[in-house]
Undergrad: 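One structure follows; several queries about it will come next.
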Amino acid sequence: MSHPMTSSSRPRRTGPFRCAVRGLHRRGHGCDPLPAALVGLTAVTGMLDAISYLGLGRVFIAMMTGNVIFLGLALGKTVGPSGPGPALAIVSFALGIVLAARTARLATRRARQHWFFHAMAVEVALVAAATAMAAFAPLTAAGTRYVVIALLALAMGARCSTVRRLDVPDFPITVGLTGALIALVHDSPLAGSGRARAARRLGVVLAMGVGATAGGFLMTSVGLTWSLLAVVGVLAAITVAVRVHPGGPATTGPNRPAPVSPGSAQRA
């Protein structure tokens, strides 16, 4: 007489354990590392914007809305001139988007885990270059400060293009909160909706705030260079974690990246 719990009748393991053991990474199995990585990258965005505002003058590295407002206030002579920092950040951010988009189109035959890892490695390299500039060149020179702004904004623009192409639900970008906040409140019971997808959206909002708090604390405690070095460390950790994860970034077909849905690119 066979044992009642034969191999055919034994319950199958599901959830994170199954993902870790078998390395499955299909969407819907809860083992795609990208959502957690993008929450971490959103926190890094908050860190960088706080660091740039406090350490590089009246400029945001990632939140282009703030830079446009700074430029408008300066043009209207409501506040004193902010210099070319905000305009340089906007141009560099846009250039990063263009370069990343063109590079991604050349890599359409490669699986997402490959080009996401390489895109993140480029971001780490750009932020590391900006850190080196801040460490070894005098920030009192305007040229040095502008180079640091350009490198950081270039990295943020490239990341936004990469995240948009990944098309992970509830993570259209990692540099703005307006879209996530609208979706969070609109789909909540307070607005009469029964959709239960609040965890990711709330995570994005909280991550940005926590990152800004950490960036401000670092700036007031250790200064610009060490604050940027901390950002490099966090970015490197996220990149390596995604790379070595058993599932790796999910794919939507045989070695082809996910298509971008027109409605996924919400703006901040």
Undergrad: Nearest 0.5 angstrom please: M64 CE to L71 CG, how far?
TA: 10.5 Å

Undergrad: Pairs of donor and acceptor atoms involving the side chains of residues 231-240, under 3.5 Å and at least two apart or interchain, shall be tabulated with distances.
TA:
from : atom 1 : to   : atom 2 : distance (Å)
T239 : OG1    : L235 : O      : 2.8

Undergrad: Return the CG to CG distance between L224 and L228, rounded to the nearest 0.5 Å.
TA: 4.5 Å

Undergrad: Can you tell me how far apart OG1 (T131) and CH2 (W226) are? Round to the nearest 0.5 Å.
TA: 11.0 Å

Undergrad: CE/M47 to CG/L41 distance, rounded to the nearest 0.5 angstrom?
TA: 12.0 Å

Undergrad: What side-chain donor-acceptor pairs closer than 3.5 Å can you find for residues 207-220, not counting sequence neighbours?
TA:
from : atom 1 : to   : atom 2 : distance (Å)
T213 : OG1    : G209 : O      : 2.9
T220 : OG1    : G216 : O      : 3.1
T220 : OG1    : F217 : O      : 3.0

Undergrad: What's the shortest heavy-atom distance between V148 and M133, and which atoms?
TA: CG2-CB, 3.8 Å

Undergrad: Locate the shortest heavy-atom distance separating G203 from V39; write the atom from each residue and the value.
TA: O-CG1, 4.1 Å

Undergrad: Looking at every non-hydrogen atom in both residues, tell me the closest pair between I61 and I149 and how far apart they are.
TA: CD1-O, 3.9 Å

Undergrad: To the nearest 0.5 angstrom, please state how far the CZ atom of F136 sits from the OG1 atom of T144.
TA: 13.0 Å

Undergrad: Are L154 and V91 joined in one hydrophobic group, where the rule is that I, L, V, M, F, W and Y side chains link up if heavy atoms are under 4.5 Å apart?
TA: no

Undergrad: Are F93 and V98 connected, step by step, through hydrophobic side chains (Ile, Leu, Val, Met, Phe, Trp, Tyr) whose heavy atoms are closer than 4.5 Å?
TA: no

Undergrad: For residues A135 and T225, report the shortest heavy-atom separation together with the two atoms involved.
TA: CB-CG2, 3.5 Å

Undergrad: Which pair of heavy atoms, one from V242 and one from A37, lies closest together, and at what distance?
TA: CG2-CB, 3.4 Å

Undergrad: Any side-chain heavy atom of R159 within less than 4.5 Å of one from T45?
TA: yes

Undergrad: Ignoring hydrogens and angles, tell me if any N or O in the side chain of S52 forms a donor-acceptor pair with the backbone of D49 under 3.5 Å.
TA: yes

Undergrad: Determine the sole option in L88, L151, L56 for which the side chain to side chain contact (heavy atoms under 4.5 Å, CB included) test with Y146 is passed.
TA: L88

Undergrad: Within the structure provided, determine whether L73 and R58 are in side-chain contact (heavy-atom separation under 4.5 Å).
TA: no

Undergrad: Please name the pair of heavy atoms, one in A153 and one in A89, separated by the smallest distance, quoted to 0.1 Å.
TA: CB-O, 3.4 Å

Undergrad: Just wondering, do V222 and L229 contact through their side chains at under 4.5 Å, heavy atoms?
TA: no

